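Structure first, then comments.
Proteins come first, then strands; the chains are lettered A, B, ... in the order of their sequence lines, and each starts at number 1. Worth knowing before you read on, the calculation uses all heavy atoms, side chains too, and leaves out hydrogens, waters and symmetry mates. Everything numeric here is computed off the predicted structure, so don't read it as measured data.
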2 protein chains.
Amino acid sequence: MNMGNVAVEQGCLRVTPLSSGRCTVCGVREAAFCAVLSPSELQQLHAISSHKIFEQGELIVEEDATVRQVANVLGGTIKLFKLLPDGRQQITGFLFAGDFLGPMLSGEYATFAEAVGRVELCVFDQDRLRERMDAWPHLERRLFEDATATLDRALDWMLLLGRKTAGERVASFFVMLADRVGPKDEPQALIEVPMSRSDIADYLGLTMETVSRQISQLKRTGLVRAPSQHMLELTDLAALRRIAEGSDERR
Amino acid sequence: MNMGNVAVEQGCLRVTPLSSGRCTVCGVREAAFCAVLSPSELQQLHAISSHKIFEQGELIVEEDATVRQVANVLGGTIKLFKLLPDGRQQITGFLFAGDFLGPMLSGEYATFAEAVGRVELCVFDQDRLRERMDAWPHLERRLFEDATATLDRALDWMLLLGRKTAGERVASFFVMLADRVGPKDEPQALIEVPMSRSDIADYLGLTMETVSRQISQLKRTGLVRAPSQHMLELTDLAALRRIAEGSDERR
DNA sequence: CGGGCTCTTGACTCAGCTCAAGATTTGTGG
DNA sequence: CCACAAATCTTGAGCTGAGTCAAGAGCCCG
């Protein structure tokens with residue numbers, strides 16, 4: 001558990017005027033929803049966008065905040081989380097480059113969002129984006145698909161939180177990271193782990209200590225190696241996958 | 001945990017020819033997505049629909065099954081769940097009258113679906129429904145909204161599964177039931193609990209025994225009364241809500 | 001009214017938590 | 001580039017909430 005530095009400031013996306021370059025050269029263009037737009041549509045979208053930076057640990061949005069802005073993540077990692085009154089925290093997901101931040105239909109965020117390390121966003125006014133969504137059915141469809149993918153991931157995580165052992169959870173976490181940020185289809189992968197042990201714990205429904213012990217265990221077994229604190233080499237992704245799915249001899 | 005009667009049969013919605021009455025007199029019309037359709041649209045929808053019954057414990061769909069059909073729940077309760085290879089089960093949600101069953105965009109179900117008691121469905125061919133969705137933006141929007149609501153509920157449940165105590169989970173469960181199937185805004189409610197203790201446990205990430213002990217505890221405290229096994233009277237919904245949210249003295 | 005469920009309760013166990021040192025790593029300033 | 005403080009991470013020892021195993025008690029249905 002982790003009381004966290006939730007020294008909530010104003011709780012709203014603050015817009016900085018900056019807007020670097022055109023959408024056509026954007027690094028996450030292919031990964032983000034913009035991928036479904038034509039060049040002329042992209043140009044219209046560019047007109048209602050602006051860039052914005054959040055530093056390590058900054059709160060980006062509050063739960064239940066009524067917000068007029070949504071965004072694409074250009075770089076960095078965001079944690080989405082919920083809190084209980086006494087400070088218990090559950091991370092409901094992480095956003096990486098190319099992911100969409102914000103409620104797509106309702107005006108309210110369902111979770112808090114905080115920057116894990118420095119984050120760069122491409123921000124849109126929600127009303128204007130919704131106008132575009134009304135005008136371009138393929139854009140709405142794409143956002144619908146994103147929501148569906150997010151839901152599928154949430155259901156998988158419910159299985160993890162409700163029924164998996166600590167060892168299976170940690171293995172699942174690394175597999176998830178490899179699938180989402182690592183090179184595709186590599187039998188072994190060197191991945192960045194931008195979040196703290198305590199964030200990992202809050203994502204897995206465990207304590208920091210248990211996460212640490214399980215990682216040590218994996219190192220001893222030789223399934224992972226750690227060149228540095230926030231770098232991890234998954235030496236046997238297939239075995240990790242088996243543990244994650246609970247097929248192997250339990251623990 | 002619960003190995004369940006997953007004696008998977010053919011795993012597909014089987015269509016019976018029956019089709020009782022017109023949509024205009026349908027009992028769940030206002031609750032289901034059909035509510036956004038005009039009379040003439042409703043008539044077109046009716047042309048591609050058929051009714052179907054599943055008995056207690058019948059498997060309605062398998063996880064990852066590629067299915068050509070989706071449905072509205074007309075009556076009864078459906079449990080949606082995931083399994084680990086060794087039989088550990090996590091229920092990801094329940095569907096009640098008016099709810100939509102099926103993947104809205106992809107062709108694959110993310111979970112198993114099983115009838116809790118007798119279930120009546122209004123079944124649609126998925127391709128035909130998608131045609132309607134393409135033709136009627138307000139229908140797509142409505143299904144998008146449903147998906148968003150389902151996602152929000154899943155996020156709340158992640159907090160429950162990751163961070164709440166057994167007592168808080170059981171209280172949350174009853175509050176959820178009251179909110180979804182009970183009369184609205186009643187300070188106390190008499191609700192039907194169609195699912196078994198073991199299903200409740202698989203929804204809450206607990207064992208049957210722990211659920212049973214927690215319910216006994218609530219009875220002793222006087223917060224609930226049980227006229228029968230599957231009937232529950234929530235005598236102090238506000239207090240239950242407080243426990244569910246973890247604000248009260250823990251446990 | 002009896003046999004098979006499902007549910008409840010009790011006694012004991014254990015996976016993961018808590019509390020408490022240490023050990024690393026990171027960041028900072030001289 | 002090094003020293004040193006702060007933060008983060010690891011490890012250990014003991015505790016505990018929920019699980020497991022095992023009786024019973026109710027309930028339902030033929």
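Under the side-chain contact (heavy atoms from CB on, under 4.5 Å) criterion, B:Pro103 pairs with B:Val70, B:Ser106, B:Tyr109, B:Gln126, not counting sequence neighbours. Every side-chain contact (heavy atoms from CB on, under 4.5 Å) that A:Ala97 has, sequence neighbours left out, goes to A:Val28. Remark: A:Phe94 pairs with A:Tyr203 by the ring pair (Phe, Tyr, Trp, His ring centres under 6.0 Å) rule, at least two apart or across chains. For the salt bridge (charged side-chain N to carboxylate O under 4.0 Å, His left out) test, residues two or more places apart in sequence or in another chain that qualify with B:Arg241 are B:Asp179. For A:Glu63, the salt bridge (charged side-chain N to carboxylate O under 4.0 Å, His left out) partners are A:Lys82, not counting sequence neighbours. The side-chain contact (heavy atoms from CB on, under 4.5 Å) check on A:Glu233 picks up A:Gln188, A:Leu190, A:Arg225, A:Thr235, with sequence neighbours excluded. Legend: residues meeting salt bridge (charged side-chain N to carboxylate O under 4.0 Å, His left out) with A:Asp99, ordered by chain and number and at least two apart, are A:Arg180. Applying the side-chain contact (heavy atoms from CB on, under 4.5 Å) criterion to A:Ala226, with sequence neighbours excluded, gives A:Lys219, A:Leu232. Residues satisfying the ring pair (Phe, Tyr, Trp, His ring centres under 6.0 Å) test with A:Phe96, not counting sequence neighbours, are none.
Between the axis at the start and the axis at the end of the helix from C:dC1-D:dG30 to C:dG30-D:dC1 there is an angle of 50°, using five pairs per end and rounding to 10 degrees.
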Can you tabulate the close N/O pairs, meaning under 3.5 Å, that link protein atoms to atoms of nucleotides 12-16 of chain D?
from, atom 1, to, atom 2, distance (Å)
D:dG12, N7, A:Arg213, NH1, 2.8
D:dG12, O6, A:Arg213, NH2, 3.4

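Closest approach to the A:Thr165 side chain among D:dC9, C:dG16, D:dA18 is made by C:dG16 (side chain taken as heavy atoms from C-beta onward).
Non-hydrogen atoms lying under 4.0 Å from DNA chain C are contributed by A:Gln229, all within residues 223-233 of chain A.
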